[in-house]
Amino acid sequence: MIEPIVNAAVALWLDSEAWLLLLLPSAAGSACSLKCLGEPLHRWQKLYTFLIGVGCAVFIAPALVEILGITGQKTEVCINFLVGLFALAVISQIFKEIQSADFIGTIKRYLLGKP
């Protein structure tokens with residue numbers, strides 16, 4: 001599973017056009033997401049949040065393209081943009097769910113067999 005991603009990374013390293021097709025839509029999606037956050041952020045928080053969105057798009061979008069078997073270049077660019085756009089919202093909801101989850105209670109219920 002990791003071999004195709006490594007091969008894609010090597011190919012991207014050698015091909016600057018592929019880098020641009022990966023980074024520009026990812027950055028544009030992350031920038032749009034940053035603009036719509038609603039919370040006032042300081043300069044470093046904005047930069048950090050932007051980089052998280054771009055990073056998620058750069059690593060998650062190629063995996064989605066491979067899993068879904070997408071072959072069109074325009075569709076790949078669109079997925080890069082969408083992952084950059086929605087990555088921050090999805091990640092924040094995941095962390096909210098993790099923080100509100102009762103893992104200890106769930107483990108106790110599972111081990112003790114009580115509903």
Side-chain angles (χ1 to χ4, degrees):
M1 178 73 180
I2 192 96
E3 185 177 320
I5 295 172
V6 170
N7 291 340
V10 170
L12 285 173
W13 182 261
L14 299 175
D15 187 10
S16 61
E17 181 181 339
W19 268 110
L20 289 176
L21 286 175
L22 180 63
L23 286 176
L24 289 179
S26 303
S30 183
C32 290
S33 175
L34 186 64
K35 187 69 176 171
C36 298
L37 276 178
E39 301 176 3
L41 299 174
H42 298 289
R43 183 178 302 159
W44 290 108
Q45 290 172 326
K46 287 180 183 180
L47 177 64
Y48 183 70
T49 305
F50 173 77
L51 291 176
I52 289 173
V54 172
C56 287
V58 164
F59 289 105
I60 295 173
L64 279 176
V65 167
E66 182 179 332
I67 289 169
L68 298 174
I70 296 171
T71 57
Q73 185 176 12
K74 291 181 181 180
T75 310
E76 289 180 24
V77 170
C78 180
I79 288 178
N80 286 341
F81 177 80
L82 291 174
V83 171
L85 183 65
F86 293 114
L88 297 175
V90 171
I91 289 172
S92 69
Q93 288 301 317
I94 288 171
F95 279 117
K96 284 179 186 176
E97 290 299 321
I98 288 172
Q99 290 174 351
S100 68
D102 182 20
F103 290 114
I104 302 299
T106 303
I107 293 170
K108 286 180 181 177
R109 285 190 296 276
Y110 177 75
L111 292 177
L112 297 176
K114 296 180 182 177

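Along the sequence shown, residues are numbered consecutively beginning with 1.
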query = Are Val65 and Ile67 in one and the same hydrophobic cluster, where Ile, Leu, Val, Met, Phe, Trp and Tyr link if side-chain heavy atoms are under 4.5 Å apart?
reply = no
Residues 76-89, side-chain donor-acceptor partners within the protein, below 3.5 Å, at least two apart:
unit_1	atom_1	unit_2	atom_2	d
Asn80	ND2	Leu21	O	3.4

Taken in chain and number order and not counting sequence neighbours, the residues that satisfy side chain to side chain contact (heavy atoms under 4.5 Å, CB included) with Leu51 are Leu47
